[in-house]
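Here the structure comes first, spelled out in structure tokens, and everything after it is commentary.
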Amino acid sequence: MNKKGFTLVELLATVTLLGVITSLAVVSYSKYVKKTREAVYNDYEDTLKNASTSYFLNNTGMVPKIGGETKVLATTLVEQNYLESLKDPSNKNITCNNKSYVIVTRKDNVGFNMDLEYKICLVCSKYKSSSCGG
């Protein structure tokens, strides 16, 4: 008698193995996507800081006095061409501009330079900087 084909046990083992491999792939992919989004958010925070630095270099009258602080909205930076619109990596139709801002505090004068501290608050649909508070 000539038997051709697979047994039920062989088929079940194959399907189970494919299921395990697929679940591992999905978990790895979701971790990769999450890590990539976090990297984009961190880059956006750096971009906000750099844009606000340029803004204060060109608008020295806006620099806070020693011990004071100034809040610059991301929408202001976009309107004045210091920053391109920040697209939310979770949804490209949404921007992160409306609720994001930078608070610049002036600690002291250091020689000819000012000692400025930047507190970045980036707010996107699924992300909020730790420095935003609340």
Side-chain angles (χ1 to χ4, degrees):
M1 188 167 171
N2 189 4
K3 292 185 177 180
K4 291 186 178 181
F6 297 104
T7 65
L8 183 59
V9 172
E10 292 172 328
L11 289 174
L12 285 174
T14 303
V15 169
T16 302
L17 185 62
L18 287 174
V20 169
I21 291 171
T22 303
S23 65
L24 290 174
V26 168
V27 169
S28 294
Y29 177 75
S30 63
K31 284 182 183 178
Y32 170 76
V33 168
K34 183 179 179 183
K35 226 179 193 181
T36 303
R37 282 188 186 139
E38 287 293 322
V40 170
Y41 292 134
N42 290 334
D43 286 346
Y44 280 177
E45 289 174 350
D46 291 342
T47 302
L48 270 170
K49 180 181 177 184
N50 293 334
S52 62
T53 300
S54 296
Y55 175 79
F56 283 112
L57 285 172
N58 292 326
N59 299 287
T60 54
M62 298 293 293
V63 174
K65 302 212 180 298
I66 295 175
E69 65 181 31
T70 301
K71 182 177 182 178
V72 181
L73 302 175
T75 52
T76 302
L77 296 172
V78 170
E79 288 168 1
Q80 296 188 16
N81 296 320
Y82 290 99
L83 180 68
E84 289 186 23
S85 187
L86 304 172
K87 300 282 184 189
D88 191 338
S90 299
N91 182 351
K92 296 291 184 189
N93 296 324
I94 299 174
T95 64
C96 302
N97 305 335
N98 297 335
K99 296 180 182 177
S100 300
Y101 57 87
V102 179
I103 294 178
V104 179
T105 306
R106 184 172 177 184
K107 292 181 172 181
D108 201 2
N109 283 337
V110 181
F112 290 108
N113 299 320
M114 290 175 270
D115 188 13
L116 299 178
E117 182 178 276
Y118 297 86
K119 181 178 166 187
I120 312 300
C121 178
L122 177 69
V123 180
C124 292
S125 63
K126 295 183 179 181
Y127 180 83
K128 187 174 183 180
S129 298
S130 59
S131 60
C132 292

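For Thr75, the side chain to side chain donor-acceptor pair (under 3.5 Å) test picks out no residue, with sequence neighbours left out. The side chain to side chain contact (heavy atoms under 4.5 Å, CB included) search around Glu69 returns Ile103, Thr105, not counting sequence neighbours. Taking Ser85 as the reference, Asn97 meet the side chain to side chain donor-acceptor pair (under 3.5 Å) condition, with sequence neighbours excluded. Qualifying ring-ring contact (aromatic ring centres under 6.0 Å, His included) partners for Tyr118, counting only residues two or more places apart in sequence or in other chains: none. For Tyr101, there are no ring-ring contact (aromatic ring centres under 6.0 Å, His included) partners, not counting sequence neighbours. With sequence neighbours left out, Glu10 forms a salt bridge (Lys or Arg N to Asp or Glu O under 4.0 Å) with no residue at all. Legend: residues meeting side chain to side chain contact (heavy atoms under 4.5 Å, CB included) with Ser129, ordered by chain and number and at least two apart, are Glu45, Leu122, Tyr127, Ser131, Cys132. Taking Asn91 as the reference, Asn93, Ile94 meet the side chain to side chain contact (heavy atoms under 4.5 Å, CB included) condition, with sequence neighbours excluded. Scanning for ring-ring contact (aromatic ring centres under 6.0 Å, His included) contacts around Phe56 gives an empty result, with sequence neighbours left out.
Closest of all the heavy-atom pairs between Lys128 and Val123 is CG-CG2, 4.1 Å.
Taking OH from Tyr55 and CE from Met62, the interatomic distance works out to 3.5 Å, rounded to the nearest 0.5 Å. Note: Lys49 NZ to Ser54 OG = 12.0 Å, rounded to the nearest 0.5 Å. With rounding to the nearest 0.5 angstrom, the CD1 atom of Ile120 is 10.0 Å from the OG atom of Ser100. To the nearest 0.5 Å, the span separating OG on Ser52 from CG on Leu116 amounts to 9.0 Å.
A distance-only check finds no donor-acceptor pair linking the side chain of Arg106 to the backbone of Lys65 [under 3.5 Å]. A distance-only check finds a donor-acceptor pair linking the side chain of Ser30 to the backbone of Val27 [under 3.5 Å].
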Solution key, residues 34-44 side-chain donor-acceptor pairs under 3.5 Å, sequence neighbours excluded:
| residue | atom | partner | partner atom | Å |
| --- | --- | --- | --- | --- |
| Thr36 | OG1 | Tyr32 | O | 2.8 |
| Tyr41 | OH | Asp88 | OD1 | 3.2 |
| Tyr41 | OH | Ser90 | OG | 3.4 |
| Asn42 | ND2 | Glu38 | O | 3.3 |
| Tyr44 | OH | Lys87 | N | 3.4 |
| Tyr44 | OH | Lys87 | O | 2.5 |

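Grouping Ile, Leu, Val, Met, Phe, Trp and Tyr residues whose side-chain heavy atoms lie under 4.5 Å apart, directly or via other members, leaves Val15 alone, with no other cluster members. Its side chain within the 4.5 Å cluster rule, Leu17 clusters with Ile21 among the Ile, Leu, Val, Met, Phe, Trp and Tyr residues.
Between Leu18 and Thr14, the closest side-chain pair of non-hydrogen atoms falls below 4.5 Å. Put simply, the side chain of Val104 reaches to within 4.5 Å of the side chain of Val102, judged on heavy atoms. Thr47 places none of its side-chain heavy atoms less than 4.5 Å from the side chain of Glu84.
Results of the side-chain contact (heavy atoms from CB on, under 4.5 Å) test with Leu48 over Leu83, Thr53, Val72 single out Leu83 as the only residue that passes.
For the residue pair Asn58 / Tyr82, a side-chain donor-acceptor distance below 3.5 Å is found, with atom types taken as modelled.
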